[in-house]
Amino acid sequence: MYNMSPDPIVRHARREDVPAILELIRELADYEHELSSVEATEEKLLCTIAFAPSSTTSTVPAADETESTSSNKPARCLILLSPQGIPAGIALYFYNYSTWRARPGIYLEDLYVKQSERKKGYGKRLLVELAKEVVALKGGRLEWSVLKWNEPSIKFYESIGANMMSEWVGMRVDGERLNKLAALLD
């Protein structure tokens, strides 16, 4: 087991957390009706997430304790362990930059708390830890996307002070369209 304290623990993920991280990613994808879209594997996660060392005993997340991020390892992951030591949630994120503010920030790619562990403040705890990290880097913002149909999450996010970005529309190029764009001027 991971943790047997009376309170949940949030820390940066370690390499040995990868099976639990993948399980939570798959649960999130299933919740969003996109399980068949998951291409993540343990090997891919090991190669793309900057991990904290296994020997770290700190329970307070500190990004400077983790491997450095890079173009090959752009992501970090916070993991929340329940008082029983069970991985109960993750916040997978990466750093971004605001040109107008000329300051760094964090983009939260995925926040997920196991359905059986919801309504315990775990999602809020993960967001608070990310907000602390943005403040520590003198950053400008913490941002993320949420599916339009996910009313419970939208209400939760609004309850903690998040604003819905109604003026912005998400855009994406992926799959074969990404390959076509890359070769557009060849």
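Put simply, CG on Leu28 and CD1 on Ile90 are 7.0 Å apart, with the number rounded to the nearest 0.5 Å. We find the CD1-CG distance between Ile79 and Asp17 to be 4.0 Å, quoted to the nearest 0.5 Å. Interatomic distance, CD1 of Ile154 versus OG of Ser159, reported as 12.5 Å (0.5 Å rounding). Once rounded to the nearest 0.5 Å, the distance linking OH of Tyr157 with CG of Asn150 reads 7.0 Å. Atom CD of residue Glu27 and atom CG of residue Leu22 lie 10.5 Å apart, to the nearest 0.5 angstrom. With values rounded to the nearest 0.5 angstrom, Ile21 atom CD1 is found 11.5 Å from Asp110 atom CG.
Counting all heavy atoms, side chain and backbone alike, Glu39 lies closest to Lys44 at O-NZ, 3.2 Å. Pairing each heavy atom of Trp144 with each of Leu108, the nearest pair is CB-O, 3.3 Å. Looking at every heavy atom in both residues, Gly89 comes nearest to Leu126 through C-CD1, 4.1 Å. Closest approach of Arg125 to Pro8, counting heavy atoms only: NH1-O, 3.4 Å. The shortest non-hydrogen separation linking Leu130 to Ala91 is CD1-CB, 3.9 Å. The shortest heavy-atom contact between Pro87 and Ala20 is CG-CB, 3.6 Å.
In this structure the side chain of Glu129 never reaches within 4.5 angstrom of the side chain of His12, judged on heavy atoms. Leu111 places none of its side-chain heavy atoms less than 4.5 Å from the side chain of Tyr93. A heavy-atom distance below 4.5 Å is found between the side chains of Lys114 and Glu23. Side-chain contact between Ile106 and Glu143 is absent, with no heavy-atom pair separated by less than 4.5 Å. Under the 4.5 Å side-chain criterion, counting only non-hydrogen atoms from C-beta, Thr48 is not in contact with Phe94. For the pair Arg141/Ser98, a side-chain contact is recorded, criterion being any heavy-atom separation below 4.5 Å from C-beta on. For the pair Lys73/Ile49, no side-chain contact is recorded, criterion being any heavy-atom separation below 4.5 Å from C-beta on. Residues Val113 and Leu80 form no side-chain contact, since every pair of their non-hydrogen atoms from C-beta on lies 4.5 Å or further apart.
One finds no salt bridge joining Glu67 and Arg14 here, because no Lys/Arg side-chain nitrogen approaches an Asp/Glu carboxylate oxygen to under 4.0 Å.
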Carefully, step by step, assess Phe156 and Leu127 under the rule side chain to side chain contact (heavy atoms under 4.5 Å, CB included). CA-CA 11 Å; Phe156 165 67; Leu127 287 168; 3.7 Å; yes
Please determine whether salt bridge (charged side-chain N to carboxylate O under 4.0 Å, His left out) holds for the pair Glu117 and Lys120, giving the CA-CA distance in whole Å, both sets of side-chain angles, and the decisive distance to 0.1 Å. CA-CA 7 Å; Glu117 301 297 320; Lys120 297 179 180 181; 2.9 Å; yes
Under the side chain to side chain contact (heavy atoms under 4.5 Å, CB included) criterion, do Tyr107 and Leu142 qualify, and how do the steps go? CA-CA 6 Å; Tyr107 186 86; Leu142 169 61; over 6 Å; no
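Note: the hydrophobic cluster containing Leu137 does not contain Val128 (ILVMFWY, side chain heavy atoms under 4.5 Å, direct or indirect links). When the side chains of ILVMFWY residues are joined at heavy-atom separations under 4.5 Å, either directly or via intervening members, Tyr97 and Tyr95 end up in two distinct hydrophobic clusters.
Between the side chain of Arg103 and the main chain of Gly139, a donor-acceptor pair closer than 3.5 Å is present. At least one donor-acceptor pair under 3.5 Å links the side chain of Arg101 to the backbone N or O of Gly140. Not a single donor-acceptor pair under 3.5 Å links the side chain of Glu42 to the backbone N or O of Val18. A donor-acceptor distance shorter than 3.5 angstrom exists from the side chain of Ser82 to the backbone of Ile86, with no hydrogens or angles considered.
Counting heavy atoms of neighbouring residues, nucleotides and ligands inside a 6.0 Å radius, atom CZ of Arg15 exceeds 12 of them.
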What pairs of donor and acceptor atoms, side-chain ones from residues 173-185 against any protein atom, are under 3.5 angstrom apart with sequence neighbours left out?
unit_1: Asp174; atom_1: OD1; unit_2: Arg177; atom_2: NH2; d: 2.7

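By the ring pair (Phe, Tyr, Trp, His ring centres under 6.0 Å) test, Trp149 is found to be paired with Tyr31, His33, residues two or more places apart in sequence or in another chain being considered.
Side chain to side chain, Glu32 and Tyr112 fail the donor-acceptor criterion of an N or O pair below 3.5 Å.
In this structure, Trp100 shares a hydrophobic cluster with no other residue, the cluster being traced through Ile, Leu, Val, Met, Phe, Trp and Tyr side chains under 4.5 angstrom apart.
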